[in-house]
Amino acid sequence: MQTLQKLSLPNMGCGTWAWGNQLLWGYDESMDDQLQAVFNLCVNNGVTLFDTGDSYGTGRLNGRSELLLGRFHREYVGSNQENICIATKLAAYPWRWTRQSMVKACQASAQRLGRNVDLVQMHWSTANYAPWQEGQLLDGLADVYEQGLVKGIGLSNYGPKRLKQVQKKFAQRGVPISTLQVQYSLLSTYPVTQLHLKDVCDELGIKLIAYSPLALGLLTGKYSVGGSFPKGIRGLLFRQILPGVRSLLACLQEVAHSRNKTMSQVAINWCICKGTIPIPGAKNVEQARENIGALGWQLDAGEIAELDTAAANSNKKMVQNIFQTQ
C-alpha cells in the first residue's frame, strides 16, 4: 500500500465507466446487485480505489456511477473499509468556465456519493480546443483542495508539457498534484513511451493511473478475427484493430499459458510492473475475480521485454483519447 498525501492508493483500482453506461457497455438497472457484489469483492481483496466521473451514465442515467458507488460504500461492511478511496473526474463541459463551477461540481458529486470525494480529477484538458477556459477550471480544482473538500487532486489525459505547467501553477499555491490518469495498455503505450510521461510523474512525485488497461476488452483474448464481436462502437473498433494485433495477442497468450494466468491478468500485471496503477473495469463478479488474479505476483524482466517488443511491433494501436494533450 502506497500512502500519498493522506490518500491511500492500492496497486490496482476498479474503473466504473460501465456502471450506468447503456450506450457503450449495455448497462441496465437489473445489474445493480451484481455491481454491489463486484464492489464488495474488490474491497475485500484490497482493491480499494474506485474511479468514476460526474459525466458517467448515459442520458437520464447521468451521474449513475457516482450514485451507485455511494450506495455500495454505505452498505459495505468488512475488511479494508477504512481504505476505500473514491476518485471522481469533473468534466470540462463548455458551460463550466468559472472557478466556482468546479467547486459546485465537486459538491454535486459529493452529494450523489453521500460522502466527500477522496480524489478529485480534472477529466480532460481544454488546451487543444478552448485554452482560454482551462485556467479558471484549474483554479477551481485547487480551490476544492484548499477548502478541504477532498484529500487530493489529480489530472486526466494530460501530457508532460501541460502537466509541468499545471504543476508549477499549483505549486505557487502550495497545492500538490497526487495523480495523473491516462489511457495506457499494451495497445496504448504512446503517453509513456513517446511522451516519457512516467519519468515526469516520478520526478514530480505524481502517481500514474492507467485507464483502459485491457484496451476496452481487446486484450482479454475473448475476441478474434472471424469470431463474434461486441455490439455497437466497440465492435466496429475491434474489427479495425484486431487483424493488426494478432502477434501481440499470441505473445500475450503464450506468457499467460506459461504462467497459468489469463491474458487479462498478464495485461494488467504488465501495467503494474511499469509502475502504474491500472483501473480495469468489471461488470460482474467473474470479471472482478479475474482482475484480482493480476495481483500478488509479477512478470519477470524477460516476459516484460517480450511483451514490450510485441507491443512495439503491432501494426495497429488503440485510438488515442482526443483530449490527450502533449
Side-chain angles (χ1 to χ4, degrees), residues 10-15 17-18 25 34 37-38 41-42 44-47 182-193 198 208-231 234-235 237-319:
N11 291 327
M12 182 178 85
C14 178
W17 181 20
W25 298 105
Q34 184 78 221
V38 167
L41 182 69
C42 283
N44 202 37
N45 283 276
V47 178
V182 292
Q183 179 179 311
Y184 183 59
S185 72
L186 279 161
L187 275 175
S188 181
T189 59
Y190 167 78
V192 173
T193 53
K198 179 70 171 61
L208 195 60
I209 295 173
Y211 75 77
S212 207
L214 296 174
L216 300 181
L218 267 170
L219 296 172
T220 61
K222 289 176 195 164
Y223 308 101
S224 59
V225 178
S228 61
F229 289 98
K231 292 174 188 168
R234 282 171 73 222
L237 190 67
F238 286 13
R239 278 184 180 86
Q240 286 174 16
I241 295 175
L242 266 170
V245 299
R246 281 187 277 201
S247 59
L248 170 61
L249 294 177
C251 178
L252 197 55
Q253 192 169 30
E254 200 178 298
V255 174
H257 182 72
S258 70
R259 278 277 181 174
N260 201 23
K261 300 288 178 187
T262 67
M263 288 168 70
S264 296
Q265 288 164 349
V266 171
I268 294 167
N269 192 276
W270 177 86
C271 289
I272 295 170
C273 289
K274 293 290 182 179
T276 71
I277 301 173
I279 48 168
K283 288 193 296 181
N284 55 53
V285 168
E286 290 72 35
Q287 288 175 351
R289 197 171 282 125
E290 186 164 339
N291 292 347
I292 289 161
L295 296 171
W297 59 281
Q298 277 205 316
L299 292 163
D300 65 37
E303 291 165 326
I304 294 166
E306 269 180 61
L307 290 165
D308 286 351
T309 303
N313 292 337
S314 278
N315 294 330
K316 287 276 187 181
K317 308 281 182 204
M318 268 304 284
V319 179

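- For V266 against A256, the heavy-atom pair with the smallest separation is CG2-CA, 3.7 Å.
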- Item | Check against side-chain contact (heavy atoms from CB on, under 4.5 Å), L242 and L249 | CA-CA 9 Å; L242 266 170; L249 294 177; 3.5 Å; yes

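- N284 places a side-chain N or O within 3.5 Å of a backbone atom of E286 that can act as its donor or acceptor partner.
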Using a 3.5 Å cut-off and no angle test, enumerate the donor-acceptor pairs between side-chain atoms of residues 209-222 and protein atoms at least two apart in sequence or in another chain.
from : atom 1 : to   : atom 2 : distance (Å)
Y211 : OH     : N157 : OD1    : 2.7
Y211 : OH     : N321 : ND2    : 3.0
S212 : OG     : L216 : N      : 3.4
T220 : OG1    : G217 : O      : 2.7
T220 : OG1    : K222 : N      : 3.2

- Message: Does D300 form a side-chain contact (heavy atoms from CB on, under 4.5 Å) with E303? I'd like the steps, not just the answer.
- Response: CA-CA 5 Å; D300 65 37; E303 291 165 326; 3.3 Å; yes

- Task: Check the pair R234 / Y223 against side-chain contact (heavy atoms from CB on, under 4.5 Å), numbers first and verdict last.
- Result: CA-CA 11 Å; R234 282 171 73 222; Y223 308 101; 3.7 Å; yes

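- The main-chain N or O of Q265 is never found under 3.5 Å from a side-chain atom of E290 such that the two would form a donor-acceptor pair.
- Considering CD1 of I268 and CG of N291, their distance stands at 4.0 Å, rounded to 0.5 Å.
- Remark: E306 CD to L299 CG distance equals 10.0 Å, nearest 0.5 Å.
- In this structure, G13 and I277 approach most closely via the heavy-atom pair N-CG2, 4.0 Å.
- Nearest approach of I272 to A294, heavy atoms of both residues: CD1-O, 4.2 Å.
- Between S314 and L187, the shortest heavy-atom distance links the atoms OG-CD2, 4.4 Å.
- N313 contributes atom CG, which lies 9.5 Å from atom CG of L248 (distance to the nearest 0.5 angstrom).
- Note on ring orientation: taking the six-membered ring where Trp is involved, the planes of F229 and F238 are perpendicular (angle over 60°, cut-offs 30° and 60°).
- With sequence neighbours excluded, the residues forming a side chain to side chain donor-acceptor pair (under 3.5 Å) with K274 are D308, listed by chain and number.
- No more than 12 heavy atoms of other residues, nucleotides or ligands sit less than 6.0 Å from atom CD of E254.
- Without hydrogens or angle criteria, N269 side chain to W297 main chain gives a donor-acceptor distance under 3.5 Å.
- In this structure, the side chains of M12 and P280 come closer than 4.5 Å at one or more pairs of heavy atoms.
- C42 and I292 make their closest contact through CA-CD1, 4.2 Å (heavy atoms, listed as atom of the first residue, atom of the second, distance).
- Separation of atoms NZ (K316) and CZ (R246) is listed at 12.5 Å; rounding is to 0.5 Å.
- Taking the ring-ring contact (aromatic ring centres under 6.0 Å, His included) definition, one finds that Y190 meets it with nothing, sequence neighbours left out.
- In this structure the side chain of V47 never reaches within 4.5 angstrom of the side chain of P10, judged on heavy atoms.
- For the atom pair OG1 (T189) and NZ (K317), the distance works out to 5.0 Å, reported to the nearest 0.5 Å.
- Distance check, rounded to the nearest 0.5 Å: OG of S224 to CD of Q253 gives 10.0 Å.
- Looking at heavy atoms from C-beta onward, W270 lies out of side-chain contact with L252 at the 4.5 angstrom threshold.
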